[in-house]
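Report on the following structure.
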Amino acid sequence: MVYFILKRMVQSVFVMLAVAFLAFSLFRFVGDPITQMTGVETSVEDQERLREELGLNDPFVYQFARFTGDMLKGDFGFSYRTRQPVADMIADRIPATLELGVVALIISLLVGVPAGVYTALKPRGVLTQTILMTTLVGVSIPTFVIGIMLIFIFGVQLGWLPTFGRGGTVQIGGWESSLFTIDGWRALLLPAITLGVYQLTLTMRLVRAEMMEVMRSDYIRFAMARGVPMGRLHYKHALANTLVPVITIIGLQFGGVIAFSIVTESVFQWPGMGLLFLESIRFVDIPVMGVYLVVIAFFFVLVNLVVDLLYVAIDPRLRIRDVQ
Amino acid sequence: MLLIKDLTVKFPSRFGDFSAIEDVDMTIKPGEIHGLVGESGAGKSTVGAAVIGLLQSPGYVANGTLTLGDTDLRKLTPTQAHEIRGNRISMIFQDPQTSLNPLMTIEDQLIETIQSHSDVSESAARKRAVDLLEEIGIKNAAQRIKAYPHQFSGGMRQRAVIALAVSTDPELIIADEPTTALDVAVQSQVLELIQRLAKERQIAFMLITHDIGVIAQVADRVSVMRKGRVIETGVTAQVLGKPQHLYTQALMDAVPPLDRKMGRFRVPDADDTAPTLGDIAENWLLEGQQHDLTGMSLQNLTVQFAAPRASLFRKPPPYVALDKVTLNIKPGSIMGLVGESGSGKSTLAKAITGLVTPSSGTMMLGDTALPFGKSRSRHHPSRQLIQMVFQDPYSSLNSRHRIGDILTEPLWFYGFVKDAEEREKLAASMLALVGMQPDAVTKYPHQFSGGQRQRIAVARALLARPRFLICDEPTSALDVSIQAEILNLLKDLQTKFGLTILFISHNLAVVRQMADDTAVLRNGKIEEVGETHAVYTSPQADYTKSLLDLTPVMPTSWQT
Amino acid sequence: MIDFVKKYEGLWLFVHSPAAIVAAIVAAVILLGAVFAPWIALVNPYDLASFSLFDGLLPPAWLDGANPKYLLGTDDQGRDMISSILYGARLSLVIGLSALTIAAVLGVGLGLAAGYYGGRFDAVVMRIADVQLALPAILTALLIDGIARGILPAAIQQDLRVAVLTLAIALSLWVNFARTARASTFVQMNKEYVQAAIMMGQHPLRVMFVHILPNILGPLLVIMTVDLASAILLEATLSFLGIGLPADSPSLGTLIRIGMQFLLSGEWWILWIPTLFLVMLVVSINILGDFLRDVFNPRLR
C-alpha cells in the first residue's frame, strides 16, 4: 500500500517535471526573453549584460534546474505585460477560480450521481429516457452557449441574477471569498451552473454505465439470490463498487473543470486565473502562460493523489495484500 | 419439496417468442440432490433461474406450475419473491472469485444475510456466522471471518459462498456449476460438503452441471436435458447405467473413462463429404514429410516471472512458473501433460513456442536447439515446424478474417504455395480432411459452432506442415460429445501423418485416451512421468494417486 | 435468417431507432450543405462584393419587414444567414475532420504499439499521455495558439490560423485514441489468434494492423464520433474566445461570437440561429455516437 502511494507520488513528480519543462521551454524559446523584458532603447551591451546576469548563456540543463529551483522557492518571475511578479498575479486570482471550480464540481456530483444511479436502476423508465436525452443535448451545447443562455434568461429577461463579476467578496487572510455574502453567492450561481452542467452530464453517464456493469456482476446476483434487502443491495453493494472507478474519472475531470473555467470566466467576466491566462495569450505574456500551466498541472496532480488515497480507503484489495 | 410441472420459459425476440425451456417436469424432495445435466444451451441454468425468480430480462415464465411446499412461486409479488430468496431458496454460483462483494468482509456479508431473514441481534448473527463457517470446514473461523474475500483461496471462497447460501436455513439450494471453476481436490471437498448438508440439514439441492462424473458421484436423481426439454429422468444409477433415450446413450458413450483406454469414441463421425476432397491436402501433407519424425526434449527448463512489487525496499523473489522441467517426447508419440490450474502447463507451451523466455535449461526440437523467447528470430524454422491448437476456439480464430484467409496465411507465409488459387484449393481440401464442408472458406468464424471452429483451428495448424503439435486444452471449452469428435480427429491425424504431439489437459480421463506417455505437473515441477498405462494403473507419486482418487468417475459397470 | 440478422444487427437496430435516423438525416443534410456550400449558398460571405450593407439586419422570412429572399434573415453586414452558416459549417467540419484524422492516426498508432510492445515503450507513451491529461483539451489548444502567436511572424499568422487551430485540436484529442487503442489492444493481445500470429513469426506491423486493428475498430469508431463532436465544440469555443478564426472567414463559433453583440438588441436571429445550427449538428453527432456505443456494447442497452 505504501509502495502504491509512493509509486503514484513518483509518477506525479514526473508529470510536474514534464510540465515545468514545457513551461521553461515556452519561456526560453518562444520569443527572446531579453527583448521582451527590455525596451527598444536598451543598448545591445546592456541586453548582453542582462542575458549574462540572468544566466541565459548557461548550459541548458543548468538553466532548467535553476528555473525549477526558483519555482519551488515560489519565485515565478515577472510578467512581460504588467512587470509585476507572476506569483502575486496568480495568487490573487486563485480563490476566484477555485471557488468556482469546487462549487461547480459539487453541483455536478450532487445532481450527477443520484441521476446516474436512478437511470441505471430503472433503465427502461420514461424519466430515464428523458434524462438521457436531456444530458445528450447537454453535452452537445458548448459551455459558452449555456452561459449566454443563462445570462439571457436570468440576467437580461428576468433580471434576477448579476451577469458578470464576483459580487460582494470578503477578505479572509489572503483569500478573497465570495462564499460569505448573499451577493457573492448570487454572482457565483450562474457561472457555477454553467461550468457544472457539462461535468454533470459526464458524471451521470459514467455513474450509470459503471452501475449497470456492477448490477450484472456475480456478487450482485448472488446478493439478490440471498434476498439481501433491495436498499442495501443498491447502495451498500452496488454503489460502493461503482464508486471505485468513478472516483478516478472524477479526479481526472477536475483538471477539466479548472480548464473549462477559462471559458466560463470569459463569458461572465469572472476575475479568475482563466481570464488572466486568456489575457496573457492575447498579449503573448509568456511567463504568465507558463506559470498558469504549472499551477493547473499542480492542482491536477494534487487532486489525483487525493483520489488515490480515497481509492485505498475504499478498496480493501489495495489496503490488505496478504493472503492467508 | 420443490415441484415443477410443465414449466415453459420464453424469451421475446424480434421473431416472436423463443422458448428456452419447454414442459419441464421435476420434483426435488428434502435432502435430495437432484442432478440436472446437459450440454451448453440445453436450458439447465434457465430452470434454476426460473425457480429462484431471477430470469434474465426479458425472459418470463410462460406456463406451468412452480411450488415450493405450499407456496405457489408463480403467484408471488416481486417483494414476496425477494423475501423467499435466501430465506427458503438460495443459490450457489459457478465462480467463487466473482461471487463475493470484494469491498465487504465475509463477516459483514454473512451477518447482513442472516439479519435480512431473521430478527436477531448483530452479536447473535455473528455467533451463528462463526458456527456456520466452522461447520463448513473453515478452521479458526472466529478470526478468519474478519477477512475480505480476496484474502481467501479459491476453495475457501467457495466454502464462504456455500456458508452464505445455507446461512438462513433454506429448503432448497440451486447450485449452478458449483465446482466447474475448481481444481479436483477442492471439487471433491465441495461435493462432500454438499452431500453432508443435504443429509444433515435435509436441504434439497438442484445440482446443475455439465460434468457427468460429478452427477454420478453425488446425485440421488438426475434429469437429462436437451434443447430445453427433459428427455430422461430418474434414479441416477438407473438413468446413467441403463439409459433409455438415444441421446443419453450417445452422451454416455462420449464420456472418456478414467480407468481404461478406448480405441476411438463411438460417436457419429462428421458427415463424410466426398472423402476424396481431402486427398489433395492429405497428399500435400504426406509429401511434405521430408524430415523424419521429430521429437522434443526439454532439459532443466526453468521459467521465472517477476512478482508484483509490493514494497519499496525489498525486491520480491521471482515467481517460479516452471522449475527444472525435464521431459523427453519421443518422435511420433503423444505426450500427455496433466496438472491443475496454475501448475505451469500453459507456460510450458508458451516457452516452447517462444512466447515466454525461460531463464535456464535447454529445449531441443529433433537435434536443433531452440533459441529462447525474443532471441528466436521471426524466420527460425521452428516457427513452422511447431504449431499449436489452442483452448478457446472462439478466440483462436480472428473473427474479422475470412476462413479462407485464416487457412491460407501459413501457406504463403512459409512460402509453401505461390499461387493464390492453389492455396485456396488446398485450404478447401484441408477443411474436407478435418471433416468440414470445403465451402467454409468463404465464411467467417462466427458462422460456425465451437466444435467446427476447433476443426478449422486444427486445419490451420496442419497447413503449416508441422512436425510437432501442441494441443493446449483443445477440448475443455467444448461439450462432451464434441470433445469426443475432436479427440477422434486428432488421433486419426496423428496416426496418418506421424505427428509428435504434446497434449495438455487438466482432464485426466481425456489424457488417458490420447497419450502414449503422461507427465504430471504440479507447481512447475514434474511429479511423475511415464508410460500412460503405468501412470494410471500404478501411480508412483502421492500427488498422482490423489488426483486419480479424487476425480469423480462413474462406476465401470455403467459404461459399456 | 438468423445469420443474416446477426450480420446486419447494426442496420436492424438503426432502422428501429428513430433518434438515430433523425440524427443521421440532420447530420447528412448539414454535411451536404457544407460540402456544396459554394454552389447552393445565396452569397459568398468571404466575398465582399456578393452582398450589400443595404440588406443588413433583415429578420427571418416569417417576421415583419423581412425580405423573402433571405429565409433566415441577414446580419449587420447584409450577409445572408443561411449562406454564412453553410460556409461556417464547412469550415468547422473541415477543421474538425482534419484534426480528428491527425489525432486518430497519431493516437491509434501509438496506442496499438504501446499495447503490443508493453513494457518500457508503453510506460513512456502513457506518461506522455498523463502529462497531456494534466493539460486538458482547451488548455492545450489555447497554449498552441499562444505559442504560434509567439513564434510565427504576424504576416504568416493569418494564413496559418486554420492549420494552427487544427493542430491544436488534434493534439488535445490524440490521448483519447491512444488510451482506447491501448486498452483494447491489451485485451486482444491475450486472445489466442494474436498469439498464433506472433508464434508464426509474423511481422509486428502485420500483427498490429492486419490482425488487431480490425478487431478494435468498434470502440475506436465510437471515440471517433464522440471526438468529432468535441472537435467541433472546441473549434467553436476557441473561435468564441476570439483566438480561433478571424471574423472575415467565420466558422460557426465565430458567427456566434459576432452574434453576441446582438444579445441585448432585437436582432436575436444573428446570435441564436447559428447557435441552433451548431447545437443541432453536435447533438446529432453525439446521438450517432451513443447509438454506435450501444451497437458495440450491447450490454448497456
Side-chain angles (χ1 to χ4, degrees), chain A residues 11-12 14-19 21-22 25-26 29-31 123 132-133 136-137 139-145 148-149 151-152 156 205 208-209 212-213 216 252-253 255-260 262-263 266-267 274 277-278 280-286 289 292-293 296-301 304, chain C residues 19 23 123 126-128 130-140 142-143 145-151 226 229-230 232-238 240-243 252-253 256-257 259-260 263-264 268 271-272 275-276 278-287 289-290 293 297 299-301:
Chain A
Q11 279 175 10
S12 308
F14 176 85
V15 170
M16 284 313 300
L17 270 181
V19 173
F21 182 75
L22 214 68
S25 313
L26 264 182
F29 300 115
V30 179
L132 286 181
M133 210 57 214
L136 196 68
V137 175
V139 280
S140 306
I141 304 181
T143 308
F144 65 91
V145 171
I148 296 171
M149 289 197 318
I151 290 181
F152 188 69
V156 180
R205 290 173 150 253
R208 174 172 185 268
M212 286 176 82
E213 197 75 40
R216 259 189 307 270
L252 286 177
Q253 282 177 3
V257 173
I258 297 289
F260 263 94
I262 297 175
V263 181
S266 158
V267 174
F277 179 63
L278 221 50
S280 69
I281 284 190
R282 225 163 263 151
F283 295 98
V284 199
D285 192 349
I286 301 290
M289 281 165 70
Y292 177 78
L293 215 62
I296 290 290
F298 179 70
F299 278 129
F300 177 84
V301 161
N304 279 290
Chain C
M126 282 304 109
R127 286 298 84 75
I128 297 175
D130 275 357
V131 175
Q132 180 75 68
L133 273 180
L135 306 173
I138 190 149
L139 199 63
T140 312
L142 284 171
L143 205 64
D145 190 89
I147 295 173
R149 275 165 202 268
I151 298 178
V226 174
S230 311
I232 292 173
L233 283 183
L234 204 54
E235 183 278 321
T237 306
L238 290 174
F240 172 79
L241 292 176
I243 44 184
L252 287 177
I256 298 173
R257 176 163 58 96
M260 266 293 265
L263 178 64
L264 302 181
W268 54 268
L271 170 61
W272 293 116
T275 309
L276 188 68
L278 175 70
V279 172
M280 267 175 19
L281 177 62
V282 181
V283 168
S284 29
I285 295 174
N286 273 332
I287 290 178
D290 245 34
R293 190 191 311 257
N297 189 358
R299 295 191 301 160
L300 281 184
R301 232 179 275 150

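Worth knowing before you read on, the calculation uses all heavy atoms, side chains too, and leaves out hydrogens, waters and symmetry mates. So you know, we letter chains A, B, ... as the sequences are listed, proteins then strands, and number each from 1.
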Looking only at C:Asp290, C:Leu278, C:Thr275, most heavy-atom pairs under 4.5 Å shared with chain A are made by C:Asp290
Considering all heavy atoms, the nearest A:Phe144-C:Ile256 contact: CE1-CG2, 3.7 Å
Can you tell which part of A:Val139 gets under 4.5 Å to a heavy atom of chain C, answering side chain, backbone, both or neither? both
Chain C interface, residue from A:Leu132, A:Val137, A:Leu136 that has the most non-hydrogen pairs under 4.5 Å: A:Leu136
State, with a plain yes or no, whether a side-chain heavy atom of C:Leu271 is found less than 4.5 Å away from one of A:Ile148. yes
Pairing residues for A:Phe152 by the ring pair (Phe, Tyr, Trp, His ring centres under 6.0 Å) criterion, not counting sequence neighbours: C:Trp272
Side chain, backbone, both or neither: which part of A:Leu293 has an atom under 4.5 Å from a heavy atom of chain C? both
Sort A:Phe298 into side chain, backbone, both or neither according to what part of it lies under 4.5 angstrom from a heavy atom of chain C. neither
What part of C:Ala229 gets within 4.5 angstrom of chain A, counting heavy atoms only: side chain, backbone, both, or neither? neither
Under 4.5 Å from a heavy atom of chain C, the part of A:Phe299 involved: neither
Is there side-chain contact between A:Leu278 and C:Leu142, with at least one heavy-atom pair below 4.5 Å? yes
Which heavy atom of C:Leu233 sits nearest to which heavy atom of A:Ile141, and what is that distance? CD2-C, 4.5 Å
From C:Asn286, C:Leu281, C:Ile287, C:Ile285, residue fulfilling side chain to side chain contact (heavy atoms under 4.5 Å, CB included) relative to A:Ser140: C:Asn286
So what's closer than 4.5 Å to chain C heavy atoms on A:Met133: side chain, backbone, both or neither? side chain
Do A:Tyr292 and C:Leu139 have side chains that get closer than 4.5 Å, going by heavy atoms? yes
If you measure from CD1 on A:Ile262 to CG on C:Leu241, what distance do you get to the nearest 0.5 Å? 8.0 Å
